[in-house]
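This report concerns only the one structure given below.
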Amino acid sequence: FPSHDIVRGKGVATALMAHVEALAKAENAVKLTLEVQSTNTVALQLYLRFGFSPNLVGVELPPCNLFLEKMLIAPEDSQLATSEGAVSYA
């Protein structure tokens, strides 16, 4: 979604990310995965602060799209370590 100056820095993106994470946990999702352009440093910093880490497999040189993921539960604690536990919010 586009970010506009009127809401930038007001915590809207942080609130949305917290809400998405809560929804995913309520659905017993194992992890969250997202995609961001490497040149979108503001969004990238937000995602890193939220505990996402880059999955650099097959990444091209910038500018490119990066895939980030955040484990919601430890894989060894989950019997849903397959796509059964994946929830997509697009």
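Residues: numbered from 1 along the sequence shown.
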Looking only at heavy atoms, the pair that brings A24 and L32 closest together is CB-CD2, 3.6 Å

Under the salt bridge (Lys or Arg N to Asp or Glu O under 4.0 Å) definition, can you give me all pairs with a residue in residues 13-25, not counting sequence neighbours?
E21-K25, E21-K70

Point-to-point distance, once rounded to the nearest 0.5 Å, from OH of Y47 to CG of N40:
7.0 Å

OG1 of T41 to CG of L46: how many Å apart, nearest 0.5 Å?
11.5 Å

The complete set of salt bridge (Lys or Arg N to Asp or Glu O under 4.0 Å) pairs with one or both residues in residues 40-55, sequence neighbours excluded, reads none

Separation of F50 CZ from T14 OG1 (nearest 0.5 Å)
5.5 Å

Taking all non-hydrogen atoms of both residues, which atom of M17 and which atom of L34 are closest, and how far apart?
CE-CD2, 4.2 Å

Cluster check V42, L48: I/L/V/M/F/W/Y, side chain < 4.5 angstrom
no

